[in-house]
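Worksheet: one structure, shown below.
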2 protein chains.
Amino acid sequence: MNEAYDELAFEPHEEELLSRVAWHYYHDGLTQSEIGERLNLSRIKVSRMLDRGRKMGLIHVHINSSYGGCFALEARLQELYGLDEARVIPAQETGNVNDRLAEAASQYLMGRLKDQEMLAVGWGATVMGTLQRLSRTLSYKDISLVSLTGGVSAYIEGVASGRSSQNVHLIPAPLVVSQESIAEAIRAERHVVEVMSMARTANYALVGIGAVADEATLIASGYASRSQFEIFRRQGAVGDIIGIFYDQTGEPLDLPFHKMLVGLDFEALSAIPQVIAAAGGPKKVDAIRAAARGGRIDVLITDEPTAQAIIEKDQA
Amino acid sequence: MNEAYDELAFEPHEEELLSRVAWHYYHDGLTQSEIGERLNLSRIKVSRMLDRGRKMGLIHVHINSSYGGCFALEARLQELYGLDEARVIPAQETGNVNDRLAEAASQYLMGRLKDQEMLAVGWGATVMGTLQRLSRTLSYKDISLVSLTGGVSAYIEGVASGRSSQNVHLIPAPLVVSQESIAEAIRAERHVVEVMSMARTANYALVGIGAVADEATLIASGYASRSQFEIFRRQGAVGDIIGIFYDQTGEPLDLPFHKMLVGLDFEALSAIPQVIAAAGGPKKVDAIRAAARGGRIDVLITDEPTAQAIIEKDQA
DNA sequence: GTTATCGACGATCATATGATCACGATGCGC
DNA sequence: GCGCATCGTGATCATATGATCGTCGATAAC
């Protein structure tokens with residue numbers, strides 16, 4: 001029998017043969033050897049055909065889940081901004097976005113935190129929610145918490161209740177004070193210096209990203225006024241991380257407000273091995289995008305519509 | 001670190017994790033071990049998750065080809081009628097259906113015929129087309145041809161041209177004669193007896209399936225009349241194979257016409273290891289269905305709409 | 001409280017897969 | 001016609017996968 005002739009004869013029907021092989025493999029669950037026997041092909045050839053089928057897009061694997069689309073966005077985000085990791089949660093009508101982001105962030109950290117590591121935390125509603133969900137894990141893994149800024153005591157106390165409280169180190173000050181001189185004085189305090197230098201040694205930093213919008217938590221909590229925000233906006237601010245406002249490119253602005261902050265600066269933040277940001281919502285699109293472009297963050301946890309919007313802006 | 005706690009915590013997010021695993025596996029091309037490292041799972045667990053994902057329908061493999069839908073029909077046909085094999089060619093506007101069936105049949109036979117085997121052939125346009133396409137393979141593989149009935153010499157001669165002609169054994173008679181006595185006399189001829197007994201030893205039989213319709217080749221070629229067909233139909237005939245008409249259940253009818261045929265009967269045909277039928281078209285739906293249900297054929301090669309129609313009739 | 005049952009887990013091992021290599025056929029340029 | 005490059009092929013081997021088994025822990029029944 002002349003093999004060459006046989007193979008030649010199949011050529012115009014390559015697609016059929018390919019489809020048939022793929023069908024047997026993926027739907028019938030046959031092994032490549034079994035398919036080879038049935039169709040008079042060598043096992044290796046079947047393997048190569050499947051390979052070709054996959055590369056040519058003939059074989060398509062669909063993941064039948066609301067998460068399916070998100071992974072593509074994650075890959076895109078990572079690629080565009082050089083992130084270590086991106087997590088995108090699927091769009092959903094029910095449920096508060098911040099809660100779901102907090103949930104996702106806590107999931108991420110649960111999988112990442114190793115025993116006895118140190119987590120530095122920023123400021124904001126999402127960060128708070130994440131810490132609440134993490135509290136049990138933090139005890140289990142004996143994680144140390146340290147604050148990146150002042151003004152976190154209110155909510156971090158709840159998280160740190162119980163046995164693990166000895167591992168929580170807070171900057172004992174407000175986030176913002178009314179004068180630069182006071183801020184300087186506080187930053188010079190021994191205890192504050194200690195906590196801040198400890199924060200620099202954290203393995204991870206968990207931060208929120210704030211929009212320059214009237215709904216910002218900074219305004220709601222009285223740390224800043226609407227008129228201040230208006231000024232920030234005029235100066236090109238698109239968002240803030242731990243109270244520091246930055247422009248479209250993610251570069252921090254030179255604002256008097258920054259001088260009144262008690263907390264780490266961007267340089268110190270970047271020195272932490274992995275900066276994880278959890279934020280989402282239409283108002284925050286520009287803020288997140290700028291933070292990512294400027295390399296301010298290593299890991300981004302956001303929601304699907306926000307991810308979509310961010311990516312779209314950078315396609316154009 | 002307490003592993004159990006970690007795993008527990010992922011529970012409500014099983015779908016996410018499953019999707020993520022599937023994504024990495026199928027889209028990113030990571031190995032199960034790599035996925036395990038990334039997501040802090042054991043390799044074996046990743047394997048099991050993928051398994052579950054497939055079983056639960058979370059992971060769906062789509063074969064992006066016009067042939068894709070046909071394999072489902074093939075599987076259904078095989079299952080419903082206990083066929084050894086079914087081949088369904090995709091619906092297509094261009095091209096003659098018979099030609100495409102002949103092409104598919106010849107493809108099938110090319111892959112199946114081994115050196116020096118014997119193929120018995122029936123009667124009809126599709127069979128003729130198949131043999132024409134096969135002629136080169138027949139020479140290459142040194143295949144013997146033998147006819148199942150009379151009346152095939154006209155077209156089989158062309159196929160058997162050249163060196164391999166010594167391996168072609170035809171029943172030297174018409175398909176049908178005008179009287180029972182003549183048929184008996186022919187069937188008693190030494191040469192006819194020889195060829196017919198040779199046909200019984202064939203490895204494969206290739207046959208067409210005829211509809212009881214005015215367009216039938218039997219009528220067109222003058223072997224039967226429209227009025228005869230009308231009578232057959234009244235007696236419950238739905239189709240014929242090698243000139244033998246059968247009813248809805250595939251049982252041969254008791255017709256005077258059969259007594260005037262020169263060729264094998266159903267019993268002899270069934271004794272051939274694999275009876276391959278190639279037929280399609282709306283008129284032949286009932287004929288094919290009855291042949292399949294009655295176990296008259298082992299392999300069916302048909303087209304997509306026909307397969308669909310056959311299956312639909314048996315669903316109800 | 002104790003025991004039985006069940007399910008999840010990872011270790012181990014056989015099998016399936018695909019990466020690499022070397023060969024032979026085919027087509028092309030010299 | 002004669003190398004030469006290229007492609008497709010099967011052989012071989014390292015790796016990836018999943019089937020099987022025993023263990024452990026949780027739960028439920030007693």
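Lettering follows sequence order; numbering is per chain, from 1.
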Starting at atom [atom1] of [X], determine the distance to atom [atom2] of [N], rounded to an integer number of angstrom.
{"X": "L41(A)", "N": "dA11(D)", "atom1": "CG", "atom2": "P", "result": "14 Å"}
{"X": "K55(B)", "N": "dG18(D)", "atom1": "NZ", "atom2": "P", "result": "10 Å"}
{"X": "K45(A)", "N": "dT17(C)", "atom1": "NZ", "atom2": "P", "result": "18 Å"}
{"X": "I35(A)", "N": "dG18(C)", "atom1": "CD1", "atom2": "P", "result": "11 Å"}

Go through the structure and list residues passing side-chain contact (heavy atoms from CB on, under 4.5 Å) with [X], not counting sequence neighbours.
{"X": "D51(A)", "result": "R54(A), K55(A)"}
{"X": "S270(B)", "result": "R296(B)"}
{"X": "N98(B)", "result": "N96(B), L101(B), A125(B), T126(B)"}
{"X": "A205(A)", "result": "A120(A), L148(A), L269(A), I272(A), V275(A)"}

Have a look at R52(B) and say if it touches a base, only the backbone sugar-phosphate, or nothing, with a 4.0 Å heavy-atom cut-off. nothing

Take K114(B) and N40(A) through the test side-chain contact (heavy atoms from CB on, under 4.5 Å) and record every step on the way to the result. CA-CA 11 Å; K114(B) 305 275 174 254; N40(A) 279 325; 3.5 Å; yes

Does S47(A) put a side-chain nitrogen or oxygen below 4.0 Å from OP1 or OP2 of dG18(C)? yes

Between S33(A) and dA16(C), is there a side-chain N or O to OP1/OP2 distance below 4.0 Å? no

Select one nucleotide: of dG18(C), dG10(D), dG10(C), the one nearest the side-chain heavy atoms of Q32(A). dG18(C)

Using heavy atoms and a sub-4.0 Å distance, could you list which residues of residues 23-31 of chain A are near DNA chain C? By number, please. Y25(A), T31(A)

What's touching nucleotides 19-23 of chain D from the protein side, N or O pairs under 3.5 Å?
from	atom 1	to	atom 2	distance (Å)
dT20(D)	O4	R48(B)	NH2	3.3

Please list, chain by chain and in numerical order, all residues satisfying ring-ring contact (aromatic ring centres under 6.0 Å, His included) with F71(B), sequence neighbours excluded. W23(A)

Taking salt bridge (Lys or Arg N to Asp or Glu O under 4.0 Å) as the test, write out the residues that go with D99(B), two or more places apart. R133(B)

Could you give all pairs that pass the salt bridge (charged side-chain N to carboxylate O under 4.0 Å, His left out) test and reach residues 63-77 of chain B, with sequence neighbours left out? R20(A)-E74(B), R76(B)-E79(B)

Which heavy atom of Q116(B) sits nearest a heavy atom of I143(B), and at what distance? N-CD1, 4.2 Å

